[in-house]
Participant: 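Before I ask anything, here is the structure I am working with.
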Amino acid sequence: MSLLIRYLIASILLWSCVAHAEPVAPLDFAAAVQALNADNFTAKEQAIAALAALGDERTRVVLIAFQEGNLQYRKADGKVVLVREVAEGYQLTDPIGETDLGVVGKRDVKKITINNALRRVLREAIARLSLTSKRADVRLTAVGELTGNLDVAAVTLLERARATEQDAEIIAAIDTALALNAVNSATPSVRLEAVAALQGSLLPAVRNRLNSVAEGDADAAVKQAAARAVKSIETKLERYALAETVFFGLSLGSVLLLAAIGLAITFGVMGVINMAHGELIMLGAYTTYLVQQAMPQYLEYSMLVAVPAAFLVAGAFGIAIERGVIRFLYGRPLETLLATFGISLVLQQLVRTTISAQNVTVSNPAWMSGSWQINAALSLTYNRLYIVIFTLLVFAALLLLLKKSALGLHVRAVAQNRSMARAMGIRTEWVDALTFGLGSGIAGVAGVALSQLTNVGPNMGQAYIIDSFMVVVFGGVGNLWGALVGAFSLGVVNKFLEPYSGAVLAKILVLVFIILFIQKRPRGLFPQKGRAAES
Amino acid sequence: MRTHNSLISKLVQSDRGGSVLLALLGIAMVLVPLLNLAVPESSALHLSTYTMTLLGKYLAFALLALALDLVWGYCGILSLGHGAFFALGGYAMGMYLMRQIGERGVYGNAELPDFMVFLNWQELPWYWFGFDQFWFAMLMVVVVPGLLAFAFGWLAFRSRVTGVYLSIMTQALTFALMLAFFRNEMGFGGNNGLTDFKDILGFDLQADTTRAGLFVASALALALGYLLSRFVVNSKFGRVIVALRDAESRARFIGYKVEMYKVGLFVFSAMLAGIAGALYVPQVGIINPGEFSPLNSIELVIWVAVGGRGTLYGAVLGALLVNYAKTYFTGAFPEIWLFALGALFVLVTILLPRGVIGVLRRKQAETAT
Amino acid sequence: MSSEANLPHDIPGANFSAAPQSRVADPEVLDTTHGPILYLEGVTVSFDGFKALNNLSLYIDDGELRCIIGANGAGKTTMMDVITGKTRPDSGSVFFGQTINLLELSETDIAQRGIGRKFQKPTVFEPLSVFENLELAMATDKRAWVSLFAKLTGEQRDRIDEVLTIIGLTTERQRRAGQLSHGQKQWLEIGMLLMQNPRVLLVDEPVAGMTAQEVERTAELLLSLGGRHSVVVVEHDMEFVRSIANIVTVLHEGSVLAEGSMSKVQNDPRVIEVYLGE
């Protein structure tokens with residue numbers, strides 16, 4: 001304990017040195033910034049201290065720029081500016097008013113130099129400012145940056161921050177950082193306590209440190225405790241890795257499901273094999289691309305437009321295909337397969353000639369990029385997360401439509417007994433066209449989602465057609481729930497296989513598995529039973 | 001020879017299309033090499049080696065189409081994976097040709113093909129053993145596709161996977177094989193496949209005489225394949241096959257083990273496809289995983305559909321027609337080809353379900369009445 | 001043989017029972033010493049909760065002609081599906097004679113052991129000729145490899161001609177079966193059944209779509225098969241049933257409601273209730 005107190009006193013003294021040693025009179029922010037461009041490092045150090053003492057919100061940005069060499073001065077008038085490298089030279093910003101000062105050549109400004117001592121001073125000042133920032137994420141990042149290489153001053157800083165901090169997450173992070181430092185203590189009891197405190201942390205730095213403690217600590221008890229801690233961390237990591245794999249699997253599964261449910265409708269309900277289904281997905285993806293081209297300034301909202309647009313475009317193509325080709329081929333599934341394959345070739349070539357044979361770029365809106373950091377070991381990318389949610393929404397909507405709406409009733413009636421439905425006065429041709437349009441429209445919507453995950457090109461549809469069929473066949477034809485279970489289980493299985501066998505082999509294994517599965521259960525996981533299924 | 005002749009004449013008895021086909025093949029076997037080898041290049045009648053090889057390639061395709069027609073036209077099994085059997089036959093031949101390169105490869109390794117040296121492989125994988133022997137390779141040309149067809153067919157037909165399910169399964173099969181062959185670890189040259197062949201049975205593959213020999217071999221194989229197929233469909237076996245196409249459960253209820261018939265036919269067809277692949281590879285000089293692509297297999301279906309399925313010679317005619325069109329279009333209007341092919345799929349299935357042969361027959365019937 | 005072949009049409013069963021072929025793929029002996037040739041005991045089949053057969057028990061004696069009647073959905077066709085191996089029951093047992101467990105055999109094996117079936121909807125091999133249809137149905141070695149080299153013997157041709165005569169399709173022998181009329185298809189299918197030379201014939205609605213004259217001939221044919229062949233007929237046409245039936249079984253909701261002679265069954269109050277309503 002006495003050691004800690006000694007640290008504390010020493011650091012307070014140190015801090016007061018840095019903070020109060022300078023004789024400089026209170027300045028305004030602009031002058032303080034300008035003072036950073038001093039002739040020698042001592043003066044610069046004093047200027048940093050002065051600036052930090054002002055407690056201005058803008059200070060942090062300036063100091064970070066200083067640390068990174070982006071704080072420079074104009075040769076013409078000596079004004080200190082923030083620079084950002086652009087193609088033509090440097091983009092200048094006034095640190096005071098944060099106003100744009102235009103672009104200048106690289107020779108028009110000069111970097112304010114720093115040395116290692118100054119770098120250390122800057123790091124501390126920035127950390128201190130960050131730790132007292134009003135924004136929780138800035139404080140958390142600051143703790144994260146300090147973690148693993150604390151010096152006496154930093155320890156003091158963290159302890160002070162700990163005292164006033166309200167946010168539980170940040171408190172935990174600070175505790176971890178301090179404990180990680182305390183592991184270096186000369187006293188075994190302190191080390192033991194620190195190891196115990198680190199037990200649950202997932203930071204790579206913690207794990208590495210504990211590993212080395214477990215191997216090389218002088219004290220047997222500490223060694224043992226560290227080994228235990230490492231073990232518990234590893235168990236935890238494994239669990240999170242598992243969770244991550246499941247998430248990846250679910251995300252792949254939702255892509256498969258999106259691609260497959262349209263097919264489940266056309267194949268399951270109508271008995272029509274639509275080999276152009278993949279191309280309808282592609283059309284959906286291209287619709288997204290065209291929507292983004294049409295409204296580049298509203299990228300954030302492009303998805304909102306693209307989803308209905310893709311549904312309509314693909315749905316319209318679907319109805320055209322049904323009316324133009326498929327209706328002549330009912331009852332001849334193999335011929336339907338061939339004709340729709342021909343259509344798929346035409347659609348591919350259509351996109352190649354009208355848009356481009358190359359892949360096009362579809363951008364992710366900002367809200368879909370980045371990831372949700374659950375903890376140090378687990379983060380979920382937003383685009384995948386949203387697509388899982390989106391898929392489930394589409395699925396629920398479709399289920400509702402088929403179960404509750406008049407169209408749904410008619411569709412189910414036609415699926416069960418076509419001639420009876422016709423006798424009951426249902427216009428089966430309309431139902432066919434609309435069902436096909438619905439299935440195709442959902443393919444289009446799937447295309448929107450896929451455009452956020454993969455390359456958009458004329459051949460993209462082909463990659464999904466076999467997979468989608470596998471899902472439908474695996475789940476059981478004519479059963480949407482089967483498609484759901486089929487898609488998610490195939491997705492998860494695929495992702496679990498991948499680390500062992502590589503992506504390609506995993507895919508092959510899944511295909512082989514399905515081929516074998518179909519031997520055992522030719523009607524899939526959830527077969528339709530009864531007389532209707534016999535034919 | 002007499003017995004042969006009588007057997008052949010019995011087989012093509014009342015099979016006018018087949019007689020015409022065999023006669024044409026016989027003529028081509030003599031004429032094509034003659035026009036290439038004996039007629040001087042300056043003459044207008046000279047047939048370029050390029051054209052002869054192209055024709056040979058078409059004949060290999062025609063044999064492949066014949067194989068598909070057997071299962072699709074007669075038994076209603078729409079295989080979307082026949083390209084896989086073709087490719088496997090092709091790979092077996094390619095492996096033989098690869099071993100023949102010997103020390104003439106870029107790395108000069110007598111034992112290992114270039115791509116293995118490149119991948120730092122130390123020794124030949126076990127499944128390459130024996131492929132330096134022509135007879136062994138030729139055996140594998142039929143055995144490997146046959147075994148795959150047997151395994152797949154036995155599993156699929158026994159559990160009564162039929163119709164579109166079966167089609168999709170066959171497509172998945174060839175797709176899985178394509179992915180597998182793309183992998184370098186498989187030991188079949190990965191992406192690039194097998195190529196840079198030098199000679200076959202000691203004959204230079206670039207020589208006109210060898211090309212002529214390959215053409216004759218292709219024509220001969222097609223003729224023999226046709227006769228064998230005709231024998232099969234004319235037998236009681238063939239009648240059972242047709243019977244179970246439309247009324248499978250009826251055939252079962254009168255005591256036929258339907259799956260054995262289907263497997264047998266499927267295996268035979270796969271072997272023919274394998275032979276077609278083996279004839280194709282030395283003529284084009286390369287085999288790569290692209291041959292497994294589902295697109296190839298389904299394109300083959302349209303050859304048969306165009307010609308007219310369930311007639312055998314229709315498949316041959318279709319293969320020749322569509323491939324000639326493909327050569328023409330991809331040369332003259334590459335942009336148009338996929339549109340044309342796509343339209344062909346749609347139009348043939350809707351307007352010409354019996355193909356060109358169907359139209360000819362109808363014309364004939366009309367003039368007769 | 002030849003003298004039998006010249007017998008008039010109205011007693012065709014004589015030809016049939018005298019046919020020389022023996023079943024090929026039957027290593028086990030069919031044991032009917034206890035009387036019945038078919039045993040169905042406690043058979044239950046359900047489709048999505050609906051019980052098509054509900055604890056059905058039924059015995060068919062060797063050489064018996066049995067008619068089975070019942071309303072739509074009573075389980076008649078499902079029962080035939082179970083016997084011929086098309087549908088596997090959820091529970092119960094089905095034996096052919098004393099020893100042959102039909103639940104362990106495939107449709108093909110069951111057919112080869114001597115249970116023939118005529119479908120409700122006539123199914124013949126439409127692309128093939130009438131002659132070829134009969135040829136394929138003939139009891140002979142039906143393995144794939146053998147078929148490849150099979151040739152018809154003179155005897156076999158005679159047998160086909162004989163059956164062609166019985167079913168009255170001699171003049172249509174080279175016509176494609178798909179071009180036959182509905183009644184002709186029914187007869188062709190019966191002819192195929194005869195070619196199979198089975199021990200048990202399951203006949204599903206044989207007279208649907210037939211003229212009165214054809215019905216009469218069918219009745220004669222079925223009656224003539226009795227004795228050495230067991231025949232199970234499912235039929236709606238009560239007149240027809242009355243004309244041939246010895247014992248009638250009434251199925252209702254998947255189990256036996258009544259069994260006995262036609263007159264006994266007709267007077268059974270439960271049958272009357274089911275058929276005529278409360």
Side-chain angles (χ1 to χ4, degrees), chain A residues 267 271-273 275-276 321 324-329 332-350 352-353 357 458-459 462-463 465-470 472-473 477 502-512 514-516 518-524 534, chain B residues 72 76-78 80 151-152 154-183 185-186 249 293-295 297-299 301-302 304-305 309 334-351 353:
Chain A
F267 184 31
V272 162
I273 285 281
M275 293 297 276
I321 292 172
V325 177
I326 291 174
R327 72 176 162 127
F328 301 111
L329 297 170
R332 292 160 64 194
L334 296 180
E335 275 87 347
T336 314
L337 189 156
L338 292 178
T340 48
F341 182 78
I343 295 169
S344 82
L345 292 182
V346 171
L347 289 179
Q348 279 173 34
Q349 191 60 24
L350 193 70
R352 267 190 214 111
T353 37
N459 296 330
Q462 286 185 318
I465 187 74
I466 291 185
D467 287 349
S468 328
F469 272 113
M470 292 300 119
V472 175
V473 167
V477 174
V504 175
L505 206 58
K507 217 174 156 87
I508 297 172
L509 287 175
V510 168
L511 281 177
V512 170
I514 293 179
I515 291 179
L516 292 178
I518 290 298
Q519 318 299 326
K520 278 283 146 220
R521 304 196 57 167
R523 295 186 191 281
E534 297 272 312
Chain B
W72 183 33
I77 303 170
L78 177 53
L80 297 182
F152 182 87
W154 195 71
L155 288 171
F157 299 137
R158 215 172 41 113
S159 52
R160 305 197 189 158
V161 179
T162 55
V164 288
Y165 274 88
L166 188 78
S167 301
I168 298 298
M169 284 295 141
T170 51
Q171 188 171 43
L173 174 79
T174 193
F175 186 64
L177 280 170
M178 179 176 77
L179 293 180
F181 273 73
F182 267 125
R183 288 161 50 88
E185 297 85 341
M186 280 286 283
S249 59
S293 95
L295 179 64
S297 291
I298 203 165
E299 207 179 304
V301 173
I302 209 64
V304 179
R309 66 194 146 103
E335 291 281 294
I336 305 279
W337 170 240
L338 276 184
F339 282 127
L341 187 64
L344 201 59
F345 271 99
V346 177
L347 296 178
V348 166
T349 48
I350 293 183
L351 302 177

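A, B, ... follow the sequence lines: proteins, then strands. Residue 1 opens every chain. All figures in this text were calculated on a predicted structure; none of them were measured in a lab.
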Participant: Using a 4.5 angstrom heavy-atom cutoff, name the option from A:T353, A:D467, A:V510, A:T340 with the most pairs to chain B.
Facilitator: A:T353
Participant: Where on A:L509 is there a heavy atom nearer than 4.5 Å to chain B: the side chain, the backbone, both, or neither?
Facilitator: neither
Participant: Need one label for A:I465: side chain, backbone, both or neither, based on atoms under 4.5 Å from any heavy atom in chain B.
Facilitator: neither
Participant: Would you mind telling me which of B:G163, B:P294, B:A156, B:S167 has the largest number of heavy-atom pairs within less than 4.5 Å of chain A?
Facilitator: B:A156
Participant: Please classify the contact between A:I273 and chain B as side chain, backbone, both or neither, with a heavy-atom cut-off of under 4.5 Å.
Facilitator: side chain
Participant: For the pair A:F328 and A:E335, evaluate side chain to side chain contact (heavy atoms under 4.5 Å, CB included) and give the outcome as yes or no after the intermediate values.
Facilitator: CA-CA 10 Å; A:F328 301 111; A:E335 275 87 347; over 6 Å; no
Participant: Indicate the atoms forming the closest heavy-atom contact of B:G342 with A:V346, along with that distance.
Facilitator: CA-CG2, 3.8 Å
Participant: Can you tell which part of B:Y165 gets under 4.5 Å to a heavy atom of chain A, answering side chain, backbone, both or neither?
Facilitator: side chain
Participant: Between A:A276 and A:S344, which heavy-atom pair has the shortest distance, and what is it?
Facilitator: CA-CB, 3.7 Å
Participant: Between A:M470 and B:I168, does a side chain to side chain contact (heavy atoms under 4.5 Å, CB included) hold up when you go through it step by step?
Facilitator: CA-CA 8 Å; A:M470 292 300 119; B:I168 298 298; 3.6 Å; yes
Participant: Below 4.5 Å from any heavy atom of chain A, which atoms of B:A340 appear? Answer side chain, backbone, both or neither.
Facilitator: neither
Participant: Contact part of B:V161 toward chain A, heavy-atom cut-off under 4.5 Å: side chain, backbone, both or neither?
Facilitator: side chain
Participant: Measure distances from B:W72 to the heavy atoms of chain A and classify the residue's part below 4.5 Å as side chain, backbone, both or neither.
Facilitator: side chain
Participant: At a 4.5 Å cut-off on heavy atoms, which part of A:L338 comes close to chain B: side chain, backbone, both, or neither?
Facilitator: both
Participant: Determine the option with the most heavy-atom pairs under 4.5 angstrom with chain B, choosing from A:I343, A:L347, A:V473.
Facilitator: A:V473
Participant: Looking at B:A172, B:P353, B:A343, B:G76, which has the largest count of heavy-atom pairs under 4.5 Å with chain A?
Facilitator: B:A172
Participant: Inspect the surroundings of CD in B:E335 and state if more than 12 heavy atoms from other residues, nucleotides or ligands are less than 6.0 Å away.
Facilitator: no
Participant: Would B:E185 and A:L505 satisfy side chain to side chain contact (heavy atoms under 4.5 Å, CB included), going step by step from the backbone distance to the final call?
Facilitator: CA-CA 11 Å; B:E185 297 85 341; A:L505 206 58; over 6 Å; no
Participant: Looking only at heavy atoms and a cut-off of under 4.5 Å, which of A:V325, A:L334, A:L329, A:V512 has the most pairs with chain B?
Facilitator: A:L334
Participant: Are the side chain of B:S159 and the backbone N or O of B:L155 linked by a donor-acceptor pair below 3.5 Å?
Facilitator: yes
Participant: Test side chain to side chain contact (heavy atoms under 4.5 Å, CB included) on A:M275 and A:L345; report intermediate values, then the result.
Facilitator: CA-CA 10 Å; A:M275 293 297 276; A:L345 292 182; over 6 Å; no
Participant: Heavy-atom distance under 4.5 Å to chain A: side chain of B:L80, backbone, both or neither?
Facilitator: side chain
Participant: Using non-hydrogen atoms and a 4.5 Å limit, figure out which bit of A:L337 sits close to chain B: side chain, backbone, both or neither.
Facilitator: side chain
Participant: Roughly how far, to the nearest 0.5 Å, is OG1 of A:T336 from CZ of A:F341?
Facilitator: 15.0 Å
Participant: Return the CD to OG distance between A:Q462 and B:S293, rounded to the nearest 0.5 Å.
Facilitator: 7.5 Å
